[in-house]
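Values in this document were obtained by computation on a predicted structure and should not be read as measured data.
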Amino acid sequence: TKAAPFKGQITGKEFTVKNFKIEAPTADGDMGFFGVNDGVVMQLNLADVTITPTAATQRVGAMAGTNDGRIQRCVVNGVINADAMAADAACGGAAGMNTGDIKNSDFAVDIASEATGKASIGGLVGVTTAGEIRDTNASGKLVVATSTSGANGRMAGRVGDSPLIGSGFYAESGVGAAAATGLGED
């Protein structure tokens, strides 16, 4: 948590933590193997991570919800099902919010989200405001969709209530993205 971040140093010696799963947010909304990393995480591997944030979640990443420290020589794979995140949340394969360093690492984290509002979602980090990201790969699938106008009376489960039928906002790693705003097809 922000009140009690990880401030130590862990050297995983390339050991792997398998099947790490988290489905509930912490009190301040940071989700990840480390809620908040303000220390040094080296040579730690995470395999088959599954993270499912809830509406209270503000920052989510497989390694750390917030990285204010250093992540180096780590390998991570898994899935983040980010449909129910907070409207202004940040989500990434490594960290949701990054102000630290991420170096010499590989993240293959698939992220799927239908989050609404101003959520920031990226393959490696959702938002980075400082620090250095170097020699690091993000190869997971990123699928993001959201409704942009919230028009009433539309078919349940439909994404993309915008001026052009079905346009809304949708991004997929192999396809691209499009965005529009408006009052629906009225």
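Put simply, CZ on Phe15 and CG on Leu46 are 14.5 Å apart, with the number rounded to the nearest 0.5 Å. In this structure, CD on Gln58 lies 12.0 Å from SG on Cys91, to the nearest 0.5 angstrom. Rounded to the nearest 0.5 Å, atoms CD1 (Ile80) and CE (Met31) are 9.0 Å apart. With rounding to the nearest 0.5 angstrom, the CD1 atom of Ile102 is 6.5 Å from the OG1 atom of Thr136. The distance from atom CG of Asp38 to atom CG of Asn67, rounded to the nearest 0.5 Å, is 8.5 Å. Here CG of Leu142 is found 11.5 Å from CG of Leu124. Values are rounded to the nearest 0.5 Å.
Checking each of Val41, Val36, Val40 against Phe6 for a side-chain contact (heavy atoms from CB on, under 4.5 Å) leaves exactly one that passes, namely Val41. Thr99 pairs in a side chain to side chain donor-acceptor pair (under 3.5 Å) with only one of the listed residues (Thr129, Thr128, Asp68), which is Asp68.
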task: Using the side chain to side chain contact (heavy atoms under 4.5 Å, CB included) rule, take Asn37 and Thr66 through it: C-alpha gap first, then chi angles, then the decisive distance, then the call.
output: CA-CA 6 Å; Asn37 174 42; Thr66 297; over 6 Å; no
- prompt: Could you go step by step and tell me if Asp48 and Asn77 meet the side chain to side chain contact (heavy atoms under 4.5 Å, CB included) rule?
  reply: CA-CA 6 Å; Asp48 301 319; Asn77 70 63; 3.6 Å; yes
query: Checking salt bridge (Lys or Arg N to Asp or Glu O under 4.0 Å) for the pair Arg59/Asp30: CA distance, chi angles, key distance, verdict?
result: CA-CA 5 Å; Arg59 296 156 300 274; Asp30 282 287; 2.7 Å; yes
message: For a side chain to side chain contact (heavy atoms under 4.5 Å, CB included) check, start with the C-alpha distance between Met42 and Lys13, then their side-chain angles and the critical distance, and finish with the verdict.
response: CA-CA 8 Å; Met42 295 180 62; Lys13 297 184 180 181; over 6 Å; no
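Phe33 and Phe20 have perpendicular rings, their planes meeting at more than 60° on a 0 to 90° scale where under 30° would count as parallel.
Asn45 pairs by the side-chain hydrogen bond (donor to acceptor under 3.5 Å, both in side chains) definition with nothing, not counting sequence neighbours. Residues forming a side-chain hydrogen bond (donor to acceptor under 3.5 Å, both in side chains) with Glu14 (at least two apart in sequence, or on another chain): Arg73.
Identified under the salt bridge (Lys or Arg N to Asp or Glu O under 4.0 Å) test for residues 99-109, with sequence neighbours left out: Lys103-Glu132.
In this structure, Ser105 and Val75 have side chains that are not in contact, with every pair of non-hydrogen atoms separated by 4.5 Å or more. Using a 4.5 Å heavy-atom threshold, the side chains of Val109 and Ile111 count as touching. Met63 is listed as a side-chain neighbour of Phe107, based on a closest heavy-atom distance under 4.5 Å.
The hydrophobic clustering, which links ILVMFWY residues whose side-chain heavy atoms are closer than 4.5 Å, places Val79 and Val17 apart. Using a 4.5 Å cut-off between side-chain heavy atoms of Ile, Leu, Val, Met, Phe, Trp and Tyr, with links allowed through other members, Phe34 and Val49 fall into the same hydrophobic cluster.
The closest donor-acceptor contact from the side chain of Asp110 to the backbone of Lys141 lies under 3.5 Å.
When all heavy atoms of Ser139 and Ala108 are compared, the pair lying nearest together is OG-CB, 3.5 Å.
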